[in-house]
J.: 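Quick one: this structure, given as structure tokens, is what I'll be asking you about.
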Number of protein chains: 2
Amino acid sequence: MTLSLVGGAFANDDLQTLSSDAKNWAMQTGDYANTRYSKLKKITKDNVKNLQVAWTFSTGVLRGHEGGPLVVGDVMYVHAPYPNTVYALDLNNDGRILWRYEPRQDPNVIPIMCCDTVNRGVAYGDGKIFLYQADTTLVALDAKTGAVAWSVKNGEAADGSKGESGTSAPVVIKDKVLVGVSGGEFGVRGHLTAYNIKDGKQAWRAYSMGSDKETLIDPQKTTALGKPVGPDSGTNTWEGDQWKIGGGTTWGWYSYDPKLNLIYYGTGNPSTWNPNQRPGDNKWSMTIMARDADTGMAKWLYQMTPHDEWDYDGVNEMILADGIKIDGKDRDVLVHFDRNGFAYTMDRATGELLVAKKYDPAVNWATEVDMDKSSKTYGRPKVVDKYSTQAQGEDTNTTGICPAALGTKDQQPAAYSPKTKLFYVPTNHVCMDYEPYKVSYTAGQPYVGATVSMYPAPNSHGGMGNFIAWDAAKGEIVWSIPEQFSVWSGALATDGDVVFYGTLEGYLKAVDKNGKELYKFKTPSGIIGNVTTYEHKGKQYVAVLSGVGGWAGIGLAAGLLEAKNAAAWHGAVDQGRAQGDETKSVGTAGLGAVGGYAGLADYTTLGGQLTVFTVPE
Amino acid sequence: MTLSLVGGAFANDDLQTLSSDAKNWAMQTGDYANTRYSKLKKITKDNVKNLQVAWTFSTGVLRGHEGGPLVVGDVMYVHAPYPNTVYALDLNNDGRILWRYEPRQDPNVIPIMCCDTVNRGVAYGDGKIFLYQADTTLVALDAKTGAVAWSVKNGEAADGSKGESGTSAPVVIKDKVLVGVSGGEFGVRGHLTAYNIKDGKQAWRAYSMGSDKETLIDPQKTTALGKPVGPDSGTNTWEGDQWKIGGGTTWGWYSYDPKLNLIYYGTGNPSTWNPNQRPGDNKWSMTIMARDADTGMAKWLYQMTPHDEWDYDGVNEMILADGIKIDGKDRDVLVHFDRNGFAYTMDRATGELLVAKKYDPAVNWATEVDMDKSSKTYGRPKVVDKYSTQAQGEDTNTTGICPAALGTKDQQPAAYSPKTKLFYVPTNHVCMDYEPYKVSYTAGQPYVGATVSMYPAPNSHGGMGNFIAWDAAKGEIVWSIPEQFSVWSGALATDGDVVFYGTLEGYLKAVDKNGKELYKFKTPSGIIGNVTTYEHKGKQYVAVLSGVGGWAGIGLAAGLLEAKNAAAWHGAVDQGRAQGDETKSVGTAGLGAVGGYAGLADYTTLGGQLTVFTVPE
Ligand SMILES: O=C(O)c1cc(C(=O)O)c2c(n1)C(=O)C(=O)c1cc(C(=O)O)[nH]c1-2
Ligand SMILES: O=C(O)c1cc(C(=O)O)c2c(n1)C(=O)C(=O)c1cc(C(=O)O)[nH]c1-2
């Protein structure tokens, strides 16, 4: 690792050291490479069957609990969804509460959060805990005391009147802390912003759309599939000013390659969901971005789903893996499991596309990604007319599209084991009907423009998810475990040859490298949190947050299984479009997720608890 | 057991059978005798150290979780505080939700619940689950489907405008289901009411105060300390009509002796808390009542705290124990650990007072109970002037009174082991300052009239509680475990020679018959639920609800640790009386409990989870 700047007392000196010590879990993603792999191996494939609950902690908040606890030394930091309470727990003292931070936020932020009041966790760096609140306030807290060091509003409008919200986990990179923004269903124009960790001063901001200056794109030096992108690439694939309300939000995960000094992240869907209202490729929505960590300047870009017609946000994590053998050559790659159902393996220095394959055989909206470098459509998906909501047209219900809007995978992060060279991927096995319709834009109001319903992939195992192992060199599924519901929890792989994940029913599961189930335990509520591990006083622990919710669990979390509430949801979102009878409107509430996941109510209910496991001596 | 009526197809045929099978936990109290003792012995003093969490369940509700799950055959019934959701869980299928019942209640009931939005659990009988809602609706649900069989409003005013609320667990006795009422801090006149289990028709109602007809007292046949009570005993120790708003609510536990066909329960504080406003003994507040189960007619009565000056509600459970040797004779007794700090042993057929001794040495408001049968004050406590808020007078802050208003024990039930002949008692070790002041009555508004602050018993172990073993024959503490906070959870004793209880920090603890700690585990939130046990598929389980709250936890549960909320609480309750500076007013909020238990915030936060434990094979 080369730290190029003079004086080098950057937070990530500290953070890199901390996170390279496997005893800690100092970043939400485990490491900058987002591998969610731990070198700990006291819990092994042989003893994991003896896993026991060591202790538990209630967050005092209900609804969807994403992300997970951080462990830095003897202290664990636990966060909660809105109102985003943060706790520092003393691991030396049975989890006694060292401090708690309870932000005061305007509850009006709740209805502008598309997919539950989630928060993907806090970040540690420079002796501070960084919390990105629902209302887009980024707060730096003294990690020892919980006192506010500084606080800054990331969203443009102080009153959230543009529909901006915050759900993503900040990441500390060198002397900066980075945050994205949510609101693709409100016409928010996405951006990634870097603040100085010392004082919260804005260092740079990179919009997903806009002028080259705003997007921090160099028309000559920034490349896409090896070629310079040219001038105005952030506006010239849009009609008129639509890009100003064009989405491309940035609410996923962020990776960092210290050697290349590049950060990687993806941008979300273009707004609206009605493709007819926004002709063109809609760049740079749905795009993997590689940017310089110091300046934010774009090094390379790759748009996975030009002119999105299905809400296949491109925000899922980029996992950085080294020495993946492709065509006989060891490559340092970035692997990305996109919502659109394709898993991409790319050279992470250059953005060269190496592999793009379906990671669920159900995927049908495109036959393949054009891999012919000489083709005019190189790197683009070959869209199937039958499943093109653009081709089928406005006010037509296009049916049987796979995957559904929430993708073959949503935000729930995969894990990568450098030992097995396999990726362990929590997936959705869900298809949809999608009917786009015309909507008009009002700042701060829903700007959706499609009626969606979701259901398990037909002619398959009947369930709505799989947990799979993926070979990113070959672009092949190695094994696949059918699950009744989508696997909405982040995976963890360990040197003990165990892979962990949680299920929406609430099980923590452990499997071996062949996908054989070794252990399962029913936690208090559905799991959409990410499994983490740490060591304390010589013992390895596994920790996970329960609390059903997120988009998949929005029916339970927001009470949308009740006809009255579903009707209110439609009233707020549909701009007056008729949604048929009440029964049907329950199914299509929550952007289409309520119906598909209604069965979850038989298995779990709202919660908000941390469960910590260990193997007894 | 003799069932005297013809046709005998009473629910309790069924219920008696069910609860005599130790595999079930078919009543909140374990059995009619309220022993909370289980004959199960697969979990023993030797193997309890290996106890593990088997599975968990979130109720989807926060705030104080009292009572516990029922287990009848393969189904577990779990309830929650307001809004009083009830779940039927399939024990054969990993706790899958068979049905859920979510009542719709007017949230205006929340502010009229004095001591958190608690509910002490559902009752089973006649194939039905009986839920007593916060708004005093008693609902009978089909135990198989959750469908409403019938529902009746127990409180007088349909809109709750008199301040009536429901927190207690109903109990099924023969062909009736019995419920009490809460609202002693609102001038509610207490009553116990029996409804026919078949159709919800009211069978009888016994008021705590009122005419002999309303109180179901026979002036000749009903006795107190062996003598007929005489006419109008329910009004003639009150001035004017004060008895109409005189409290004596009935929100505790109910016991039943099938042989005697008598039910036992206690009545709460007289209203207001300002004793100067209600001269006289204020009968039958603060009274143990023995009533005929069929007719409700009172057999005998015993008032423990005539003319209460400290809010020492007499509602704590009556534990029925057989063959307790007193003065060389085996007696079938009733043992009652009163809020006032005395533990009473009485002949349960006649109401003869056998033993009355302090079960916490800190108790100072009275020196003793007069046991001289020839004395004019026989059976009455000898009140110490210094701690008499009546003697010290209105607007005087009487300090150093022990116990505090929440008593040496509150509603948290003790357990009795017929094997050791000892009682295992969760206690409070808390004292108070108490300043009574004049208040006026408005229907449905707080009618309190005292400012209280609480603190650990001085010159002691510094903590606010003890878990003790009690010899009810001798009236002696056998051993005492000091606890940092009050033990607000119900105990469980088992034939495996283990005694269980929970703590406000959230620990489930197991001790042996000598009080030696054998096991502890930190559950997600503070425990104010009651520990239960059951057997399923050959395995013994121990189950307990977490969810901090109740009166002791009201600061956390209702957010009263925040100055703003504490001030609002005072604004609603104090009738304009000045409460000094804001800091002080936080301490005296929540009827005085907030300050004393403020330290709880360092240990736990709101929750609502069931944790089920077992010992692996
Ligand atoms: O467009 C956006 O700004 C935006 C934001 C979020 C979010 O912040 O949670 C989600 C999505 N989109 C989205 O498309 C999506 O599938 C989704 C799932 C979840 C979740 O936490 O389960 N959030 C979001
Ligand atoms: O006078 C009443 O009607 C009444 C009701 C209740 C209740 O219903 O919870 C309590 C009390 N009083 C009370 O005095 C008291 O100490 C108390 C503690 C609790 C609890 O659940 O922790 N409830 C109540």
Side-chain angles (χ1 to χ4, degrees), chain A residues 49-63 65 78 80 85 87 89-90 93-100 102 104 505-508 520-526 545-548 556-557 559 561-562 564 599-614 616, chain B residues 49-63 65 78 80 85 87 89-90 93-100 102 104 505-508 520-526 546-549 556-557 559 561-562 564 599-614 616:
Chain A
K49 64 176 181 293
N50 302 322
L51 212 59
Q52 287 187 15
V53 180
W55 57 280
T56 55
F57 178 76
S58 171
T59 66
V61 179
L62 299 174
R63 302 190 62 161
H65 281 60
V78 181
T85 321
Y87 300 91
L89 306 182
D90 184 355
N93 200 351
D94 265 11
R96 191 177 159 163
I97 300 170
L98 295 168
W99 54 259
R100 74 175 81 195
E102 298 190 271
R104 275 170 217 278
E505 299 104 309
Y507 289 105
L508 174 82
K520 73 170 178 175
F521 175 88
K522 185 109 190 246
T523 71
S525 177
L545 283 171
S546 300
V548 74
L556 278 172
L561 288 159
E562 265 184 63
K564 190 185 60 161
L600 253 187
D602 292 344
Y603 293 88
T604 194
T605 184
L606 297 194
Q609 301 90 8
L610 179 77
T611 308
V612 183
F613 301 81
T614 194
Chain B
K49 62 175 183 294
N50 302 323
L51 213 58
Q52 288 189 12
V53 180
W55 58 279
T56 56
F57 178 76
S58 172
T59 66
V61 180
L62 299 173
R63 300 191 63 161
H65 280 60
V78 182
T85 321
Y87 301 90
L89 306 181
D90 185 354
N93 200 349
D94 266 12
R96 191 177 159 164
I97 301 170
L98 294 168
W99 55 259
R100 73 176 79 194
E102 299 190 270
R104 277 170 215 278
E505 299 104 309
Y507 289 105
L508 175 83
K520 72 170 178 174
F521 175 88
K522 186 109 188 248
T523 70
S525 177
S546 299
V548 74
L556 279 171
L561 288 159
E562 266 185 62
K564 192 184 57 159
L600 253 187
D602 293 343
Y603 293 89
T604 193
T605 185
L606 297 195
Q609 302 89 8
L610 180 77
T611 309
V612 182
F613 301 82
T614 194

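Here is how names work: the chains are called A, B, and so on, in the same order as the sequence lines, proteins then strands, and each is numbered from 1. Since this is a predicted model, take the numbers as computed values, not measurements.
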J.: Just so I understand: if I count every heavy-atom pair under 4.5 Å between each of A/Pro616, A/Ser58, A/Gly95 and chain B, which residue has the most?
T.: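 Of the options given, most contacts go to A/Ser58.
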J.: Applying side chain to side chain contact (heavy atoms under 4.5 Å, CB included), name anything that partners B/Lys49, two or more places apart in sequence or on another chain.
T.: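 Not a single residue meets the side chain to side chain contact (heavy atoms under 4.5 Å, CB included) criterion with B/Lys49.
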J.: For each of B/Thr604, B/Val548, B/Leu89, B/Leu610, tally heavy-atom pairs with chain A at distances under 4.5 Å, and name the one with the top tally.
T.: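 If we count pairs closer than 4.5 Å to chain A, B/Thr604 comes out on top.
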J.: Please state whether the side chain, the backbone, both or neither of B/Thr85 comes within less than 4.5 Å of a heavy atom of chain A.
T.: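 No part of it gets close to chain A.
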J.: Please look at B/Arg63 and chain A and tell me whether the side chain, the backbone, both or neither of the residue comes under 4.5 angstrom of a heavy atom of that chain.
T.: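 Interface part for B/Arg63: neither.
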J.: Using a 3.5 Å distance criterion without hydrogens, assess whether the side chain of B/Thr614 forms a donor-acceptor pair with backbone atoms of B/Ala54.
T.: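 Not confirmed, B/Thr614 side chain does not pair with B/Ala54 backbone.
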J.: If we define contacts as heavy-atom pairs under 4.5 Å, which of B/Thr59, B/Leu556, B/Thr605 has the most with chain A?
T.: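 Among the listed options, the one with the most contacts to chain A is B/Thr605.
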J.: Any donor-acceptor pair under 3.5 Å linking the side-chain atoms of B/Thr523 with those of B/Ser546?
T.: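 Present: a donor and an acceptor within the cut-off.
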J.: Answer yes or no: is there a side-chain heavy-atom contact under 4.5 Å between A/Leu508 and A/Phe613?
T.: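 With C-beta onward as the side chain, the pair touches.
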J.: Contact part of B/Val61 toward chain A, heavy-atom cut-off under 4.5 Å: side chain, backbone, both or neither?
T.: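 Interface part for B/Val61: backbone (N, CA, C, O).
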J.: Closest heavy-atom contact between B/His65 and B/Ala80?
T.: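 Nearest heavy atoms, B/His65 then B/Ala80: NE2-CB, 4.2 Å.
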J.: What part of B/Glu562 gets closer than 4.5 Å to chain A, counting heavy atoms only: side chain, backbone, both or neither?
T.: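 Just the side chain, heavy atoms under 4.5 Å.
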J.: I need the A/Glu505 CD to B/Asp94 CG distance, nearest 0.5 Å.
T.: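 Nearest 0.5 Å value for the CD-CG distance: 9.5 Å.
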J.: Restricting to non-hydrogen atoms, name the atom on B/Gln609 and the atom on A/Pro524 that form the minimum distance, rounded to 0.1 Å.
T.: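 Taking B/Gln609 first and A/Pro524 second, the nearest heavy atoms are CG-CB, 4.3 Å.
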J.: If you count heavy-atom pairs within less than 4.5 Å of chain A, which of B/Asp602, B/Thr611, B/Val53, B/Val612 leads?
T.: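 Between B/Asp602, B/Thr611, B/Val53, B/Val612, the count favours B/Asp602.
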J.: Between B/Asn93, B/Leu62, B/Ile97, B/Leu606, which residue shows the highest count of heavy-atom pairs closer than 4.5 Å to chain A?
T.: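 Highest number of pairs under 4.5 Å: B/Ile97.
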J.: Quick one: which of A/Ser525, A/Gly506, A/Ala601 has the most heavy-atom pairs under 4.5 Å with chain B, could you say?
T.: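 It is A/Ala601.
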J.: Specify which of B/Trp55, B/Phe57, B/Tyr603 makes the most heavy-atom pairs with chain A at under 4.5 Å.
T.: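 So the answer, after comparing B/Trp55, B/Phe57, B/Tyr603, is B/Tyr603.
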J.: Quick check on the interface: out of A/Gly60, A/Gly547, A/Gly607, who has the most heavy-atom pairs with chain B under 4.5 Å?
T.: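 Ranked by contacts with chain B, first place is A/Gly60.
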